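The analysis underlying the following values was restricted to heavy atoms, covering all of them including side chains, and did not include hydrogens, waters or symmetry mates. Nothing here was measured: the structure is a model prediction, and the numbers come from that model.
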There are 2 protein chains.
Amino acid sequence: MKTAQQTNQKNAVLTKIQQNVLNVIREFMENNSYPPTLSELGQALHININAVRDHLHALERKQVLRCIPNISRGIELLHAKPEGIPIYGFVPAGHPFMSQENIVDTFEIRRYISASNNVFGLYVRGDSMKDAQIATGDLLFVDPDVEARDGRMVVALVEGEPTVKWLQKEGSTISLVPANKKYKPIVVDKNDENFKIVGVVVGMIRAMDKLRIDKMVNLKKAS
Amino acid sequence: MKTAQQTNQKNAVLTKIQQNVLNVIREFMENNSYPPTLSELGQALHININAVRDHLHALERKQVLRCIPNISRGIELLHAKPEGIPIYGFVPAGHPFMSQENIVDTFEIRRYISASNNVFGLYVRGDSMKDAQIATGDLLFVDPDVEARDGRMVVALVEGEPTVKWLQKEGSTISLVPANKKYKPIVVDKNDENFKIVGVVVGMIRAMDKLRIDKMVNLKKAS
DNA sequence: TCAATTACTGTATATTATTACAGTATTCAT
DNA sequence: ATGAATACTGTAATAATATACAGTAATTGA
């Protein structure tokens with residue numbers, strides 16, 4: 001006989017069978033685009049639907065899923081599996097830095113670079129931003145929706161040619177300053193029709209594996 | 001009256017109403033963890049369930065979804081929406097670089113840095129890798145499963161202290177070379193117990209927004 | 001103008017799926 | 001040893017869903 005009030009047990013440990021039920025649900029949802037019904041779970045687990053029901057209610061009490069009443073396939077998995085990869089603190093920081101407690105963040109690009117929905121990537125070629133630690137092959141994240149304030153690194157179109165430079169505003173003139181003494185700043189008028197700021201550089205990524213470098217060389221040849 | 005054979009129309013254009021039905025299905029699935037039933041769609045669209053059915057069959061013929069027979073909520077959307085953000089070619093490359101055809105890749109971190117499942121992130125502090133274009137605040141992707149060959153950038157533990165350096169192998173000795181003339185290489189024996197290579201640096205990401213910099217300063221204070 | 005497609009309504013029916021009720025048996029902590 | 005949670009079986013009622021059949025009406029391309 002079913003007993004009455006069963007208290008909420010957040011973060012309670014799952015039994016082996018409950019874990020198994022959860023795994024079967026996950027597997028089903030990976031293969032099927034819709035959650036399983038009670039009888040489908042019963043078949044998969046070789047048990048009666050009411051046993052399945054008991055398990056689902058237990059899993060609900062333990063906060064790993066939610067059952068929506070009177071809805072077919074009304075199972076909602078909570079705690080959506082963390083998608084990102086772990087990010088540890090500074091180098092050099094503390095000694096046992098590769099521990100669970102030292103994960104200061106999880107890698108999730110949009111959150112990291114806090115960009116709008118219009119961000120796009122752009123590969124860098126040339127050494128004009130060398131002193132800003134930006135090299136050929138680097139991938140820049142450019143956000144058109146971020147305000148291009150003085151001092152920010154921007155991507156601009158000068159007479160149709162895209163370039164990455166520091167932005168420097170002085171009255172009605174705008175200077176596009178490279179981070180390399182070898183090159184001179186480009187000075188244009190604020191209202192120059194041949195000049196347009198595409199977006200602000202909000203992030204950067206660099207691949208250090210040979211495969212990517214080869215790919216970039218191929219791209220270079222193709223262009 | 002329903003007419004007989006209706007040919008497959010892959011890539012056919014959706015009518016306005018069909019597009020609307022698809023949008024409602026997408027919206028429902030974003031909010032609900034399970035696909036909608038016919039009557040739920042009927043309610044949302046203010047039409048009879050058999051009208052919904054007709055639309056679903058039309059969408060099925062046009063290959064945008066699949067209806068699984070005799071299965072409640074048996075709707076499977078095809079052509080899963082592209083998750084990544086677009087990545088354009090080199091800068092400077094061609095003039096109209098922000099066009100659909102110039103998307104050379106889509107941003108998806110794991111594919112980009114071609115790393116194992118054990119990659120982790122690590123923030124950099126200090127200027128010892130300055131000449132390799134790596135600065136304080138940069139986030140390194142370190143892969144413990146990549147072979148630490150001569151010349152690669154590695155994260156090593158020297159007497160418990162983690163450091164980022166170039167790896168240089170010479171016979172039985174290993175040199176950890178900084179990319180900054182201000183600092184001297186660390187030379188250790190191959191079998192030194194106080195020395196361990198944690199992983200190879202396979203990628204790097206840099207955030208250029210102020211918020212992140214503030215966060216990093218806070219982390220610095222806390223450590 | 002004719003066939004095909006689109007866009008619906010309405011009633012009915014079969015199937016699918018959830019819920020309810022009534023048990024049995026085991027384990028586990030107090 | 002007693003209450004509570006776990007782990008099941010079985011039958012039945014009810015609600016939720018999908019499907020079938022029979023239409024109507026407007027639009028579109030050949």
Next item on the list: Kindly indicate whether the side chain of Phe195(B), heavy atoms from C-beta on, has any atom under 4.5 Å from the side chain of Ile186(B).
Entry: no
Note to self: Check the phosphate of dC8(C) against Arg53(B), side-chain N and O only, distance under 4.0 Å to OP1 or OP2. Yes or no?
What the structure shows: no
Notebook entry, point to check: For Arg73(A), which contact category applies under a 4.0 Å heavy-atom criterion: base, sugar-phosphate, or nothing?
Noted result: sugar-phosphate
Margin query: Between Thr15(B) and Ser72(B), which residue's closest nucleotide on DNA chain C lies nearer the 5′ terminus?
Written below: Thr15(B)
Notebook entry, point to check: Between Gln18(A) and dA5(D), does any side-chain N or O lie under 4.0 Å from OP1 or OP2?
Noted result: no
Margin query: Would you say that more than 12 heavy atoms from the other residues, nucleotides or ligands in this model lie under 6.0 Å from the NZ of Lys190(B), or not?
Written below: no
Next item on the list: Measure across Ser128(A) and Lys165(A) and return the closest heavy-atom pair with its distance rounded to 0.1 Å.
Entry: OG-NZ, 4.0 Å
Next item on the list: Send over the distance from Leu38(B) CG to dT16(C) P, rounded to a whole Å.
Entry: 15 Å
Checklist line | d(CG, Leu41(B); C1', dT19(D)) in whole Å | finding: 16 Å
Check: Start at the 5' end of DNA chain C and walk down; is the nucleotide closest to Ile49(B) or to Lys16(B) reached first?
Finding: Lys16(B)
Margin query: Tell me the interatomic distance from Leu59(A), atom CG, to dA5(D), atom P, rounded to whole angstroms.
Written below: 15 Å
Notebook entry, point to check: For the residue pair Pro35(A) and Tyr34(B), what are the closest heavy atoms and their distance?
Noted result: CD-CB, 3.6 Å
Next item on the list: Measure the distance from CG on Leu14(B) to P on dA7(C) and round it to the nearest whole Å.
Entry: 10 Å
Next item on the list: Indicate, with a heavy-atom threshold strictly under 4.0 Å, whether Asn70(B) touches base, sugar-phosphate, or nothing.
Entry: sugar-phosphate
Margin query: Applying a 4.0 Å non-hydrogen cut-off, can you work out what Ile47(A) is touching in the nucleic acid: base, sugar-phosphate, or nothing?
Written below: sugar-phosphate
Note to self: When you measure only distances, ignoring hydrogens and angles, does the side chain of Asn48(A) come within 3.5 Å of the base of dC8(D) through a donor and an acceptor?
What the structure shows: no
Checklist line | dT5(C) OP1/OP2 closer than 4.0 Å to side-chain N/O of Lys62(B) | finding: no
Margin query: Tell me whether the side-chain N/O atoms of His55(B) come closer than 4.0 Å to OP1 or OP2 in dC8(C).
Written below: yes
Next item on the list: Provide, to the nearest angstrom, the distance between the OH atom belonging to Tyr34(A) and the P atom belonging to dA18(D).
Entry: 11 Å
Check: In whole angstroms, how far is the C1' atom of dT5(C) from the CD1 atom of Ile17(B)?
Finding: 13 Å
Next item on the list: Applying salt bridge (Lys or Arg N to Asp or Glu O under 4.0 Å), run through Glu40(B) and Arg73(B) and close with a yes or a no.
Entry: CA-CA 10 Å; Glu40(B) 280 164 349; Arg73(B) 305 178 187 280; 2.8 Å; yes
Check: Rounded to whole angstrom units, what separation is found between the CD1 atom of Ile71(B) and the C1' atom of dT15(C)?
Finding: 11 Å
Check: Under the 3.5 Å rule, do the base of dT11(D) and the side chain of Asn50(A) count as making a donor-acceptor pair?
Finding: yes
Next item on the list: Mind calculating the distance between CZ (Arg61(B)) and P (dA4(C)) to the nearest angstrom?
Entry: 13 Å
